[in-house]
Amino acid sequence: MIPVTPLSTERPSALASDISQRLNAAIREHLLSAFAPDSTKTLRDFSAPEAAELLGVSGQFMRKVHSEGTVPEPRENRGGRRYYTAREIWDARQILEKTSRRAGKYVPSRVEGERLQVWQLMNFKGGSSKSTTTIHLAHYFALRGYRVLAVDLDPQGSLTSMCGISPEIEFDGLTVYDAVRYDEPVPMCDVVIPTYFPGLSLAPSRLLLSEFETESAVHSNPDQPFFTRIRNAISQVENDFDIVLMDSPPQLGFLTIAGMAAASSLIVPLTPSMLDVSSTAQFLELAGAYMEVIEDAGASLQYDHFKFLITRDEPTDVPSQQLTSFMRALFQNRVMSATALKSTAISDATMLKQSIYEVVRAEMTRSTYDRAKASMDAVGHEVERMVHEAWRRT
């Protein structure tokens, strides 16, 4: 327990330093007790109906392939009910794909001629649900058999934390900064680490990544422009993944712009409030100006999709629905059809550093859980459809 002593009453700088040190110590103690260094984040089991739904088959089909011995029985059987780990579902995909008459039915990985999909989620304003949307998309795609890389471009490391690593507690591994720094960068393959979630890998972040902003401001070597750094790093592991999801910091700095130069598609999460709409307008005005500058400097910016996603959507809130309708009338198909609902289920899951896909349905009000999951499924399905459009799949 940290002893409580009076805060400094000296100069404001001393008071700020005192508050910072005390807060950091308290956070560290809390995290060490809640997330012991020798513990790892684990993923729940999935019921037989959930497993069948993820594989796109019927329960009868699953029973058939188990009885035939095509797919091994899951290890967990509670009272005659099967429960599957995510790894068992992933392995079942590989087995079923080998006997499928249609290639890609169970393992939808990209094939030759389909370029890596690099999606950046960005906005000027914090609280737009960038990190929450990124992790939900990452889990959605991984559960459906895609090879996903989550790249955390935010020095605050929210996405890293959601993937089971607490940036607040120093860890010894390499981060995105090590792959994009100007002085002796390391190979991206050394930075990328597998997560507890089968199919999902992470390029983690921590506060040190903010050094990229400072270094880029003073770096003047035309052979190493800042906007090529992230693109080049991702290209080193291109063959290992189908989809890359980048979570940007809530600012238009060198990291966000370099992410824009690496992306094949952009999503701007937007909460339906006038303040957020106004902030997003300013953000995009600046983004457009910066895009023009880096294009003049030799960058090639070509996006398969550039979409707005309405987040924290409240269907019963009249003013927010009016703003949503305004955005749809103004930008039409630039606004995604699906929206991410404002939900206590998602908020509660996020507080536990989880997505809705990690939550056990029975532990929540079922109707609340079902609405939240249906919302995130709809967002994921729409992005998946856009990915297939980029790959020119029918």
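Atoms considered below: every heavy atom in the structure, side chains included; atoms not considered: hydrogens, waters and symmetry mates.
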Quiz prompt | Main-chain N/O of Phe61 paired with Ser58 side-chain donor or acceptor, under 3.5 Å | solution = yes
Quiz prompt | Arg115 bridged to Asp304 by N-O distance under 4.0 Å | solution = yes
Quiz item: Is the shortest heavy-atom distance from the side chain of Leu159 to the side chain of Ser205 under 4.5 Å?
Solution: no
Practice problem: Starting at OG of Ser248, measure out to CD of Gln120 and round the result to the nearest 0.5 Å. | Solution: 3.5 Å
Quiz prompt | Side-chain heavy atoms of Ser343 within contact of Thr368, under 4.5 Å | solution = yes
Quiz item: With no hydrogens and no angle check, do the side chains of Gln354 and Asp348 hold a donor and an acceptor under 3.5 Å apart?
Solution: no
Quiz item: How many angstroms lie between OG in Ser158 and NZ in Lys130, if you round to the nearest 0.5 Å?
Solution: 8.0 Å
Self-check item: Cationic N near anionic O, under 4.0 Å, Lys373 to Glu50
Solution: no
Quiz item: Is any side-chain heavy atom of Ile234 less than 4.5 Å from a side-chain heavy atom of Glu238?
Solution: no
Exercise. Might you work through the side-chain contact (heavy atoms from CB on, under 4.5 Å) test for Lys98 and Tyr106, ending with a clear yes or no?
Key: CA-CA 9 Å; Lys98 292 177 182 177; Tyr106 298 103; over 6 Å; no
Quiz item: Do side-chain atoms of Lys307 reach the backbone of Asn333 as a donor and acceptor pair under 3.5 angstrom?
Solution: yes
Quiz item: Between His139 and Ser355, is there a donor-acceptor pair closer than 3.5 Å when you use the side chain of the first and the backbone of the second?
Solution: no
Quiz item: Which heavy atom in Phe212 sits nearest to a heavy atom in Val180, and how many Å separate them?
Solution: CE1-O, 3.6 Å
Quiz item: For Val335 and Arg328, which heavy atoms make the closest approach, and how far apart are they?
Solution: CG1-NH1, 3.5 Å
Self-check item: Taking every non-hydrogen atom, the tightest pair across Arg231 and Ala261
Solution: CD-O, 3.9 Å
Quiz item: Where do Val268 and Phe306 come nearest, in terms of heavy atoms and distance?
Solution: CG2-CE2, 3.8 Å
Quiz item: Do the side chains of Trp90 and Val148 join up, straight or via other hydrophobic residues, at under 4.5 Å, putting them in one cluster?
Solution: no
Practice problem: Examine Leu143 and Leu245 and state if one hydrophobic cluster contains both, with Ile, Leu, Val, Met, Phe, Trp and Tyr joined whenever side-chain heavy atoms are less than 4.5 Å apart. | Solution: yes
Self-check item: Candidate list Tyr290, Phe226, Phe227, test ring-ring contact (aromatic ring centres under 6.0 Å, His included), partner Phe254, passing option
Solution: Phe226
Quiz item: Taking the six-membered ring for Trp, are Tyr84 and His66 parallel (under 30°), tilted (30 to 60°) or perpendicular (over 60°)?
Solution: parallel
Quiz item: Taking Thr311 for the side chain and Ser128 for the main chain, is one N or O donor matched with an acceptor at less than 3.5 Å?
Solution: yes
Quiz item: What is the minimum heavy-atom distance between Val379 and Met336, and which atoms define it?
Solution: O-CE, 4.0 Å
Quiz item: In terms of the angle between their ring planes, are His388 and Trp391 parallel, tilted or perpendicular, with boundaries placed at 30° and 60°?
Solution: parallel
Self-check item: Leu43 side chain near Glu358 side chain, heavy-atom distance below 4.5 Å
Solution: yes
Quiz item: Which one of Asp154, Thr160, Asp247 satisfies the side-chain hydrogen bond (donor to acceptor under 3.5 Å, both in side chains) criterion with Ser131?
Solution: Asp247
Exercise. Applying side-chain contact (heavy atoms from CB on, under 4.5 Å), run through Arg147 and Ser109 and close with a yes or a no.
Key: CA-CA 7 Å; Arg147 301 169 300 164; Ser109 298; 3.8 Å; yes
Exercise. Would you confirm whether Thr256, through its side chain, and Gln251, through its main-chain N or O, come within 3.5 Å as a donor-acceptor pair?
Key: yes
Quiz item: What distance separates Leu207 CG from Tyr177 OH, expressed to the nearest 0.5 Å?
Solution: 12.0 Å
Practice problem: Start with the C-alpha distance between Ser273 and Arg312, add both sets of side-chain angles, then the distance that settles side-chain contact (heavy atoms from CB on, under 4.5 Å), and finish with yes or no. | Solution: CA-CA 10 Å; Ser273 73; Arg312 302 178 66 81; over 6 Å; no
Practice problem: Give the minimum heavy-atom separation between Val71 and Ala92, together with the two atoms involved. | Solution: CG1-CB, 3.9 Å
Quiz item: Should the pair Arg206-Asp152 be classified as a salt bridge under the 4.0 Å nitrogen-to-oxygen rule?
Solution: no
Quiz item: How long is the span from the CD1 atom in Ile356 to the CZ atom in Arg371, to the nearest 0.5 Å?
Solution: 11.0 Å
Quiz prompt | Criterion side-chain contact (heavy atoms from CB on, under 4.5 Å) on Glu363 and Tyr369, from CA distance to verdict | solution = CA-CA 9 Å; Glu363 294 179 356; Tyr369 173 89; over 6 Å; no
Self-check item: Tyr83 six-ring centre to Arg81 NZ/CZ under 6.0 Å and within 45° of normal
Solution: no
Quiz item: Are side-chain heavy atoms of Ile267 and Thr133 found at a separation under 4.5 Å?
Solution: no
Quiz item: Backbone N or O of Arg102 within a donor-acceptor pair of the Ser100 side chain at under 3.5 Å?
Solution: yes
Exercise. Flag yes if more than 12 heavy atoms outside Glu68 fall under 6.0 Å of its CD atom; otherwise flag no.
Key: yes
Self-check item: Exceeds 12 heavy-atom contacts within 6.0 angstrom, atom CZ of Arg78
Solution: yes
Quiz item: Any chance CD of Glu292 has more than 12 other-residue heavy atoms, nucleotides or ligands included, within less than 6.0 Å?
Solution: no
Quiz item: Going by the angle between their ring planes, with limits at 30° and 60°, are Phe141 and Tyr146 parallel, tilted or perpendicular?
Solution: perpendicular
Self-check item: Side-chain (Glu76) to main-chain (Thr85) donor-acceptor, under 3.5 angstrom
Solution: no
Quiz item: Linking I/L/V/M/F/W/Y whenever any side-chain heavy atoms sit under 4.5 Å apart, do Leu286 and Met260 land together?
Solution: yes
Quiz prompt | Close side-chain approach of Pro250 to Gln156, heavy-atom, < 4.5 Å | solution = yes
Quiz prompt | Side-chain donor or acceptor of Arg93 paired with backbone N/O of Val107 under 3.5 Å | solution = no
Exercise. Without swapping roles, check the side chain of Thr195 against the backbone of Phe197 for a donor-acceptor pair under 3.5 Å.
Key: yes
Quiz item: Can you tell me how far CZ of Phe308 sits from CG of Leu284, rounded to the nearest 0.5 angstrom?
Solution: 5.0 Å
Quiz prompt | Pairwise side-chain contact, Leu149 with Ser201, heavy-atom cut-off 4.5 Å (strictly under) | solution = yes
Quiz prompt | CZ-CD distance between Arg334 and Gln332, expressed to the nearest 0.5 angstrom | solution = 10.5 Å
Practice problem: Could you check if a side-chain atom of Leu252 sits within less than 4.5 angstrom of a side-chain atom of Met122, using non-hydrogen atoms only? | Solution: no
Quiz item: Is a donor on one side and an acceptor on the other found under 3.5 Å between the side chain of Ser375 and the backbone of Thr339?
Solution: yes
Quiz item: Is any side-chain N of the basic residue among Arg181 and Glu215 closer than 4.0 Å to the acidic one's carboxylate O?
Solution: no
Quiz item: Considering residues, nucleotides and ligands other than Arg393, do more than 12 of their heavy atoms fall under 6.0 Å from its CZ?
Solution: yes
